[in-house]
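Worksheet: the structure to be examined is printed underneath.
Just follow the structure's listing: the first ligand is 1, and inside any ligand the first atom is 1.
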Amino acid sequence: MGDQNRDLFTSKFGVIAAAAGSAVGLGNIWKFPYIAGEYGGGAFLFVYLGFIIVIGLPIMISEFMIGRKAQKNAFGSFKALAPNSSWRITGLFGVIAAYLILSFYGVVAGWSFHYAAESCLGNLVDKTPQEFESLFVSFIEKPILPVVWQSIFMIVTAGIVLLGVQKGIEKYSKILMPLLVIILLVLVVRSVTLPGAEKGLAFLFKPDFSKFTMDGVLNALGHAFFSLSLGMGTLITYGSYVKKSNNIGRTAFQVSMADTLIAILAAIVIMPAVFAFDIAPGKGPGLVFITLPNVFQQMPGGQFFSVLFFVLLGVAALTSSISILEVIVTFFVEEFKMKRKTATLIAGSTTALVGVFCSLSMGVLNTSVFMGKNLFDTLDFFASNVFLPLGGLLIALFVGWYFGKQRTEEELSSGGRFKVNYINVLFVSLRYIAPIAIFIVLVYGIVENLEIYLELDIMPW
Ligand code: TRP
């Protein structure tokens, strides 16, 4: 089934840089630190790590395996491996999810570009916490400025994707990922050497079982999924660019460990700094865009570290967004026989356009689109709570029950070259553990949102 002319990753490091580049993103840097602290620190970390290994890793291996075996885009892979069946819908879900995610992801990434520029210009100093909050809120509600930054971000994303797998994705991942690690390490050193940093480290790592609830468990699984870029065919697409000589089981292990390590390092940057300056750890986007500027302005060398931090965030978002756009572009190229240039132009501009409406839904177009949510939150909800878990569930079932152990082992071993002594454990997860766990999270996510909505609907005032 090999395609002689397929643009493949050239080196082992290239595969890891690209896949880790996809995995490491906004999820690691702004979301992980906050939820880890919120749900009981060490206790949450322990469970999160468990989910990464028991459920995330098996699905990552499956995605790589499907893509490399089929040598096709997310949709075409299912068509090739399961001819004349409905399994291809799984791939189609992936392409739809890519559209939804990239639209709002580009908006948040644009915010980090704006904050990098603002801190370069020295505009993030001498402010009270309230001023930082209103600065952020009034910025994201503006009609033009966030859209400009989001468009710049999307142009850079499309520019890299346009160059192709080797000259675009692989080349830039190999430059940007080491850069990201260096920036992160500089920030870790700065943060843990601040007086009072221990309190933040304790908040992060000391298991607090009183805060460790069912909600925490479910969040840990949902986030493990998002953080590893699973359930959407991103890693099927990247897997289709991996050579047969690559040990994909080992690569998946390395990528998932790198992703987890970087999330923990990001938390080590943020929490000690927040505690050293006695600022309450804020929520969600606020932690990065409101709390942190407040921390940086009080820190020696703060402006420098602030620029570094927002560049880090932008770089992390960029290597993730190229992996999302690539899912749509390869789908267009292979299923509609488009040129890469045309496909990138269409996919890039249409996701950017939906993104513009997402951005506007923070301000002038802030109306309810679905269950009381604006467009931004609606896309986030459908992508994270419906499409990704559903995609992951179907992928686990596909490999576990349809594709089967024998063919999987054959592909994972690259035709006998590598030992696959984990095959039985892998299949216990793919057949039973992963589907059941994901199903619970899927139902829970929908029910929880429904509950919140019904409360809002009954008591709107
Ligand atoms: N993993 C990225 C993050 O943590 C986001 C991402 C990239 C993603 N590709 C994906 C999430 C595919 C789900 C599916 O920010």
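An N or O contact shorter than 3.5 Å is missing between Ile101 and ligand 1 by distance. For a threshold of 3.5 Å applied to N or O pairs, the pair formed by Phe226 and ligand 1 contains at least one separation below that value. Close N/O approach between Ser229 and ligand 1 is found [any backbone or side-chain N/O within under 3.5 Å].
Within the 4.0 Å heavy-atom criterion, the part of Ala23 lying near ligand 1 is the backbone and not the side chain.
Close contacts between ligand 1 and Ile324 involve ligand atoms 7 (C), 9 (N) [criterion: under 4.0 Å to a heavy atom]. Interface atoms of ligand 1 facing Leu26, defined by a heavy-atom separation under 4.0 Å, are 15 (O). Atoms of ligand 1 found under 4.0 Å from any heavy atom of Met232 (numbered from 1 in listed order, with element): 12 (C), 14 (C). Proximity to Ser227 (heavy-atom distance under 4.0 Å) selects the following atoms of ligand 1: 1 (N), 4 (O).
The shortest contact between atom 13 (C) of ligand 1 and any protein heavy atom is with Leu388 CD1, 3.5 Å. Taking atom 12 (C) of ligand 1 as the reference point, the nearest protein heavy-atom neighbour is Thr234 OG1, 3.3 Å. Among protein heavy atoms, the minimum distance from atom 15 (O) of ligand 1 is reached at Tyr105 OH, 2.7 Å.
Judged by the 6.0 Å distance and 45° axis criteria, Arg407 is positioned over the aromatic ring of Phe403.
Other residues, nucleotides and ligands contribute over 12 non-hydrogen atoms within 6.0 Å of the CZ atom of Phe205. By the 6.0 Å contact criterion, OH on Tyr172 is open, its count of non-hydrogen atoms from other residues, nucleotides or ligands being 12 or less. Around OH of Tyr402, the count of heavy atoms belonging to other residues, nucleotides or ligands within 6.0 Å exceeds 12.
Ion pairing between Arg68 and Glu411 holds under the 4.0 Å rule for side-chain N and carboxylate O. A salt bridge links Glu334 and Arg6; the closest N-O separation between the charged side-chain nitrogens and carboxylate oxygens is under 4.0 Å.
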Donor-acceptor contacts under 3.5 Å from residues 381-395 side chains, at least two apart:
from   : atom 1 : to     : atom 2 : distance (Å)
Ser384 : OG     : Asp380 : O      : 3.1
Ser384 : OG     : Asp380 : OD1    : 3.0

Result block: side-chain N/O donor-acceptor pairs under 3.5 angstrom for residues 7-16, not counting sequence neighbours:
from  : atom 1 : to     : atom 2 : distance (Å)
Asp7  : OD1    : Gln166 : N      : 3.4
Asp7  : OD2    : Val165 : N      : 2.8
Thr10 : OG1    : Glu170 : OE1    : 3.3
Thr10 : OG1    : Glu170 : OE2    : 2.8
Ser11 : OG     : Gly14  : N      : 3.0
Ser11 : OG     : Glu170 : OE2    : 3.4

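Using a 4.0 Å heavy-atom cutoff, Leu230 is listed among the residues neighbouring ligand 1.
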